[in-house]
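Below is one structure; the comments refer to it alone.
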There are 2 protein chains.
Amino acid sequence: MAIEHAILVSLLEQPGSGYELARRFERSIGYFWTATHQQIYRVLKRMENDGWVDVRAVVQQGRPDKKEYSVADLGRAALTSWLHDPIEPESVRHDLAVKIRGAAFDDPSALLREVERHRQAHADRLARYLAGEDRDFGGHTDGGSYGPEGAERELQHVVLRGGITYERMMIAWLDDVLATLHRFRAER
Amino acid sequence: MAIEHAILVSLLEQPGSGYELARRFERSIGYFWTATHQQIYRVLKRMENDGWVDVRAVVQQGRPDKKEYSVADLGRAALTSWLHDPIEPESVRHDLAVKIRGAAFDDPSALLREVERHRQAHADRLARYLAGEDRDFGGHTDGGSYGPEGAERELQHVVLRGGITYERMMIAWLDDVLATLHRFRAER
DNA sequence: TCTTGCTATGCACTTTGTTGCATAGGCAAG
DNA sequence: CTTGCCTATGCAACAAAGTGCATAGCAAGA
């Protein structure tokens with residue numbers, strides 16, 4: 001099982017609607033898990049049927065009403081049980097690596113541009129992460145915002161540091177790839 | 001599209017049977033793409049119907065006969081076309097990161113063991129990668145083996161270096177996670 | 001008022017991936 | 001000669017995920 005647990009964690013950190021969850025999956029949680037809104041609504045419905053979450057209709061002004069979900073006891077229990085279950089170390093899926101090995105059988109120039117694009121995308125993500133880190137975990141104690149505190153905050157931070165480390169690694173590796181491709185092209 | 005291209009690249013590097021491909025997906029290609037044999041056989045059949053690959057029955061002694069697949073012109077063209085198509089930077093799926101954020105709502109001791117297990121798994125993988133690097137790309141010119149040469153070899157190497165860099169990063173990050181969890185536990 | 005855009009929710013279809021099961025040849029050890 | 005293991009291929013059922021489409025409230029500006 002999978003996305004259910006990411007949703008449970010997100011709802012424990014902060015109850016919210018499907019729409020809000022979808023937006024969190026574009027940032028924060030999205031650093032290590034992606035999900036479309038269709039998927040989220042579908043899973044939320046199932047979780048509601050299974051009694052994992054409670055729903056509350058929230059009337060809003062100036063925008064459509066929404067359904068706010070929060071974690072029910074059954075959901076909390078399901079999460080705890082999952083947290084105690086060992087999981088397999090993730091298996092990666094790197095299309096780009098396939099392309100790189102495929103470049104041996106093709107003109108490398110197109111790949112060069114592709115790798116540069118990816119490098120840029122990772123540099124952008126890194127910048128976003130660093131901005132987020134400064135905003136949410138920078139030294140300043142923002143009296144106005146009510147973010148999570150203590151352990152919750154520290155654990156969010158260490159996960160974000162993971163994202164930052166990952167992006168830095170990718171950039172370094174893509175530089176290695178670029179250098180290799182340039183060498184390869186020069187040889188022809 | 002996805003696994004088709006990984007298979008095409010693998011078959012270009014070296015023709016082989018479904019069984020052999022499945023084993024490559026446990027090593028080499030498996031560093032950045034996973035696939036079960038069921039999946040591979042299914043896709044190979046489709047690729048054969050589409051004329052992407054050619055089949056040749058190979059009679060073997062001491063073991064069951066096999067079907068050796070190699071890339072046909074149509075497959076080669078399909079690969080080239082894919083190589084020239086831009087792809088989206090991969091989206092990650094880190095169950096462990098979900099668990100780490102979930103640990104804020106649970107006893108962290110269980111997670112501590114889990115993270116240590118993962119750290120060990122990554123250290124093991126790193127050791128395997130490094131051994132493979134030494135074997136296949138170490139300075140020695142092994143006159144007896146006929147590995148790929150030139151660009152193909154260099155590109156395989158840079159992908160392997162990516163795997164090595166990734167595992168090193170994961171180990172470093174998991175150490176950070178462990179330290180954070182220890183601190184969290186000490187605070188209680 | 002018409003269009004654009006954001007909030008908000010959802011269905012239907014298709015593709016992909018996973019799990020379980022089944023078959024079969026041959027080797028080696030007990 | 002039976003059991004276990006490796007090679008080798010495949011089907012069927014199911015679960016998960018992605019893609020496309022549809023609806024609707026409300027606001028702001030052209």
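Values below: every heavy atom of this structure, side chains too, minus hydrogens, waters and symmetry copies. Residue numbering restarts at 1 for every chain, and letters A, B, ... go by the order of the sequence lines. If you're wondering where the values come from, they're calculated on a predicted model, not measured in any experiment.
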Could you tell me how far apart I40(B) (CD1) and dG17(C) (C1') are, to the nearest whole angstrom?
12 Å
Distance in angstrom units between Y41(B) OH and dA24(C) C1', rounded:
12 Å
With DNA chain D as reference, determine whether H37(A) or G62(A) sits nearer its 5' end, using the nearest nucleotide of each.
H37(A)
In whole angstroms, how far is the P atom of dA17(D) from the CZ atom of F25(A)?
11 Å
Measure distances between side-chain N and O atoms of R42(A) and base N and O atoms of dA17(D), and say whether any donor-acceptor pair falls under 3.5 Å.
yes
Do L44(B) and I7(B) have side-chain heavy atoms sitting under 4.5 Å apart?
yes
Check whether any side-chain N or O of S17(B) sits under 4.0 Å from OP1 or OP2 of dT9(D), and answer yes or no.
yes
Specify the separation, in whole Å, of atom NZ of K67(A) and atom C1' of dG10(C).
9 Å
Is the phosphate of dT19(D), meaning OP1 or OP2, less than 4.0 Å from a side-chain N or O of T36(A)?
no
What's the closest nucleotide to the Y69(B) side chain, out of dA12(D), dG10(D), dA17(D)?
dG10(D)
Under 30°, 30 to 60°, or over 60°: which ring-plane class applies to H94(B) and Y166(B), parallel, tilted or perpendicular?
tilted
For K45(B) and dA12(D), what is the distance between atoms NZ and P respectively, to the nearest whole Å?
12 Å
Parallel, tilted or perpendicular for H37(A) and Y41(A), by the 30°/60° rule?
perpendicular
Measure the distance from CZ on R63(B) to P on dC27(C) and round it to the nearest whole Å.
11 Å
Calculate the interatomic distance between Y19(A) atom OH and dT23(D) atom C1'; express it in whole Å.
15 Å
For Q60(A), report the nucleic acid contact type (base, sugar-phosphate, nothing); a contact means any heavy atom under 4.0 Å.
sugar-phosphate
Atom-to-atom span, CD of E20(A) to P of dT7(C) - whole angstrom:
10 Å
Between the base of dG18(D) and the side chain of Q38(A), is there a donor and acceptor pair under 3.5 angstrom?
no
Is it true that E116(A) and R119(A) make a salt bridge, defined as a side-chain N closer than 4.0 Å to a carboxylate O?
no
Quiz item: R93(A) side-chain donor-acceptor pair to dG17(C) base, under 3.5 Å:
no
Q39(A) vs dG18(D): side-chain N/O to OP1/OP2 distance below 4.0 Å:
yes
Ring geometry between H5(A) and W82(A) (parallel below 30°, tilted from 30 to 60°, perpendicular above 60°):
parallel
The nucleotide from dT9(C), dA8(D), dA17(D) with an atom nearest the side chain of K66(B) is dA8(D)
